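Here is the structure we will look at, set down as structure tokens.
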Amino acid sequence: MSVRVYKVGGPALEDPGLIGLLADEVRRGKGPAVLVHGGGRAVDRLLKALDIESRFIEGRRETSPEAMAVVEMVLSGAANKQLAAGLTAAGLPAIGLSGRDGGLVRARLTPDLGRVGTPEHIDPAPLRALWAAGFLPVVSPVANGPLGEAVNVNADEAALGIARAVGATTLVYLSDVDGVRVGEGTAEVLTPEEARQRIEDGTIAGGMALKVRVALEASAAGIPEVVIAGKARLLGQFPGTRILARTASQERPSTGPSQNGQLPRNPLDRDSSGA
């Protein structure tokens, strides 16, 4: 079965005029799909309004318990329901849920970042139930922590974890850029060697560096098509930057879905945050 996973952020999430195009993008593909979304800008606005301190460390948000309440309110509340409702209005019946619903995503905490974690276990049963009923799952990346507490998981990593668990054939990261900028242009294809060099020299930095690392990990995990794209893809102008797998000499993890939902330890676990 061909399964597609989309991580949605930036204009694709915030511009109501693009929701119909996003629905068309999902409809064009074959087989079931799932959308995982971010919403960091909306979180920023509410944190600022509430005078709650927030800082980013290597592209991830340090999340106190007070900030976590805001993250969950925005991501699993307003952002999730707005996106699901918009897609439904565009003729693509969608149901919003979070990583906490039905035990979809369990995360392990990352040291020194508060309520921040990385996906440790994915239970695809809630997604399969929605697919069987004819709905598109729209997932907030807020997950359950070790004690059942709300944990802030980076939406890119949540999408990767879900893609691994369901054996996805396509993983598309839709954000506020049309691909990965290299020099004066946007790369059509990015190899691991080029990516590492650009990250080391600072050309790719911050949130994009994290996104590229996660995309490289997804490609190396055996997901056949991994793309970083933006508004231009929805408009039919530029499909995005295709991320290539690691070289053949490097060992690759298993390509199929996890048998028990348990995800292998990820080399990216140095740091973590979702909104």
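Both backbone and side-chain heavy atoms feed into the values below; hydrogens, waters and symmetry mates do not. Worth saying up front: this structure is predicted, and the values here are computed from it rather than measured. Residue indices begin at 1 and follow the sequence shown.
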Say you draw a straight line from CG of Leu109 to CZ of Arg115; how long is it, rounded to the nearest 0.5 Å?
8.0 Å

Which pair of heavy atoms, one from Pro146 and one from Ala107, lies closest together, and at what distance?
CD-O, 3.6 Å

With distance as the sole test, does Thr169 use its side chain to make a donor-acceptor pair with the main-chain N or O of Ser2 at under 3.5 Å?
no

Under a 4.0 Å threshold between the charged nitrogen and the carboxylate oxygen, would Glu157 count as salt-bridged to Arg60?
yes

With a 4.5 Å cut-off on side-chain heavy atoms, are Val180 and Arg198 touching?
no

So which heavy atom on Leu22 is nearest to which on Ala12, and how close?
CD2-O, 4.2 Å

Leu235 CG to Leu18 CG distance, which is reported to the nearest 0.5 Å:
6.5 Å

May I ask you to check whether over 12 heavy atoms, not counting those of Phe238, lie within 6.0 Å of atom CZ?
yes

With sequence neighbours excluded, residues passing side chain to side chain donor-acceptor pair (under 3.5 Å) with Glu66:
Ser64

Any donor-acceptor pair under 3.5 Å linking the side chain of Ser219 with the backbone of Ile243?
yes

Is the backbone N or O of Ala232 less than 3.5 Å from a side-chain atom of Asp178, with the two atoms forming a donor-acceptor pair by type?
yes

Does anything in residues 131-149 form a side-chain hydrogen bond (donor to acceptor under 3.5 Å, both in side chains)? List the pairs, not counting sequence neighbours.
Ser76-Ser140, Arg100-Asn144

For the residue pair Thr186 and Val177, establish whether any side-chain heavy-atom pair is separated by less than 4.5 Å.
no

Would you say Met68 and Glu72 make side-chain contact, with heavy atoms under 4.5 Å?
yes

Transitively linked via ILVMFWY side-chain contacts under 4.5 Å: Leu160 with Leu35?
no

Where at least one partner belongs to residues 80-94, residue pairs that pass side-chain hydrogen bond (donor to acceptor under 3.5 Å, both in side chains), sequence neighbours excluded:
His37-Asn80

Pairs where residues 3-22 contributes a residue and the test salt bridge (charged side-chain N to carboxylate O under 4.0 Å, His left out) is met, not counting sequence neighbours:
Lys7-Asp156, Glu14-Arg41

Are Ser98 and Leu75 side-chain neighbours, meaning at least one heavy-atom pair lies under 4.5 Å?
no

Scan Val5, Asp101, Val34, Ile95 and name whichever one has a side-chain contact (heavy atoms from CB on, under 4.5 Å) with Val139.
Val34

From CG (Leu174) to CG (Leu21), nearest 0.5 Å:
11.0 Å

List the residues meeting side-chain contact (heavy atoms from CB on, under 4.5 Å) with Glu25, not counting sequence neighbours, and say none if there are none.
Tyr6, Arg28, Arg233, Leu234

Indicate yes or no: at least one non-hydrogen side-chain atom of Glu217 is less than 4.5 angstrom from one of Arg164.
yes

Sole residue of Val212, Val226, Leu244 in side-chain contact (heavy atoms from CB on, under 4.5 Å) with Leu190:
Val212

Within the structure provided, determine whether Pro137 and Leu97 are in side-chain contact (heavy-atom separation under 4.5 Å).
yes

Find the distance between CG (Asp123) and CZ (Arg128) and round it off to the nearest 0.5 Å.
8.0 Å

Between atom CD of Glu120 and atom CZ of Arg106, what is the distance when rounded to the nearest 0.5 Å?
5.0 Å

More than 12 foreign heavy atoms under 6.0 Å from CG of Asp112: is that the case here?
no

By side-chain contact (heavy atoms from CB on, under 4.5 Å), which residues pair with Ala23, not counting sequence neighbours?
Arg27, Leu87, Ala90, Leu92

Val3 and Val26: same hydrophobic cluster, using ILVMFWY side-chain contacts below 4.5 Å?
no

Do Val182 and Val214 share a hydrophobic cluster, counting only Ile, Leu, Val, Met, Phe, Trp and Tyr and linking them when any side-chain heavy atoms are less than 4.5 Å apart?
yes

Other residues, nucleotides, ligands: >12 heavy atoms within 6.0 Å of Glu53 CD:
no

Leu130, Val8: one ILVMFWY side-chain cluster at the under-4.5 Å cut-off?
no

If I take atom CD1 from residue Ile199 and atom CG from residue Leu210, how far apart are they, to the nearest 0.5 angstrom?
9.0 Å

Can you name the one residue among Val151, Val153, Val142 that meets side-chain contact (heavy atoms from CB on, under 4.5 Å) with Val71?
Val142

Should Val166 and Val105 be counted in the same cluster of Ile, Leu, Val, Met, Phe, Trp and Tyr side chains packed under 4.5 Å apart?
yes

